[in-house]
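Since the structure comes first, as structure tokens, the remarks are kept for the end.
As a basis for the values below, the full set of heavy atoms in this structure was taken, side chains included, without hydrogen atoms, waters or symmetry mates.
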Amino acid sequence: AGLIENLHKGREGKVPENAMKKILTESDCLRLPHVCLCLLGDFKGEGGTNYHMMNLANESISGLQVRWWIEKLVEVSEAEGRSSGPAFATPSGGLANMG
């Protein structure tokens with residue numbers, strides 16, 4: 001539920017003037033347009049299962065609508081009755097395989 005709980009953060013963010021020409025403060029960064037992505041799993045170079053929270057720009061420099069895709073993922077998961085578990089899952093909630 002970490003992703004759903006944090007999805008609203010950064011939706012209405014604003015980029016400060018001259019943001020590319022100065023070091024931003026923590027409060028500046030909190031006000032940037034972003035989406036918080038919460039991950040849980042086994043990561044290379046780490047022991048065991050760990051949580052990671054990543055703040056990603058709502059839109060990438062190349063124009064990829066990161067927030068839109070994450071919100072769509074949550075929408076599909078909720079339509080399938082899932083609020084936890086793997087992001088890419090079967091409708092029953094099991095881990096989807098790639099092949």
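Annotation: side chain to side chain contact (heavy atoms under 4.5 Å, CB included) contacts of W68 (sequence neighbours excluded): Q65, K72. Listed by chain and number, the residues in a side chain to side chain contact (heavy atoms under 4.5 Å, CB included) with A96 amount to none (sequence neighbours excluded). Judged as a side chain to side chain donor-acceptor pair (under 3.5 Å), and not counting sequence neighbours, the contacts of E71 are R11, R67. Applying the ring pair (Phe, Tyr, Trp, His ring centres under 6.0 Å) criterion to F88, with sequence neighbours excluded, gives no partner residue.
For the salt bridge (Lys or Arg N to Asp or Glu O under 4.0 Å) condition, the pairs that include at least one residue of residues 19-31, sequence neighbours left out, are D28-R31. The ring pair (Phe, Tyr, Trp, His ring centres under 6.0 Å) pairs that include a residue from residues 12-58 are F43-H52, where partners are two or more places apart or lie in different chains. The salt bridge (Lys or Arg N to Asp or Glu O under 4.0 Å) analysis of residues 32-51, with sequence neighbours excluded, yields no pairs.
Linking ILVMFWY residues whenever their side-chain heavy atoms come closer than 4.5 Å, directly or via other members, leaves L73 and L95 in distinct clusters. Tracing side-chain contacts under 4.5 Å through hydrophobic residues (I, L, V, M, F, W, Y), one never reaches V76 starting from L39; they form parts of separate clusters.
Here the closest non-hydrogen pair linking P86 and G94 is CG-C, 4.4 Å. Looking at every heavy atom in both residues, R82 comes nearest to G93 through CD-CA, 3.4 Å.
Side-chain contact between L32 and N55 is absent, with no heavy-atom pair separated by less than 4.5 Å. For the pair P33 and E59, the minimum side-chain heavy-atom distance is 4.5 Å or more.
Here CD of E12 is found 9.0 Å from CG of N58. Values are rounded to the nearest 0.5 Å.
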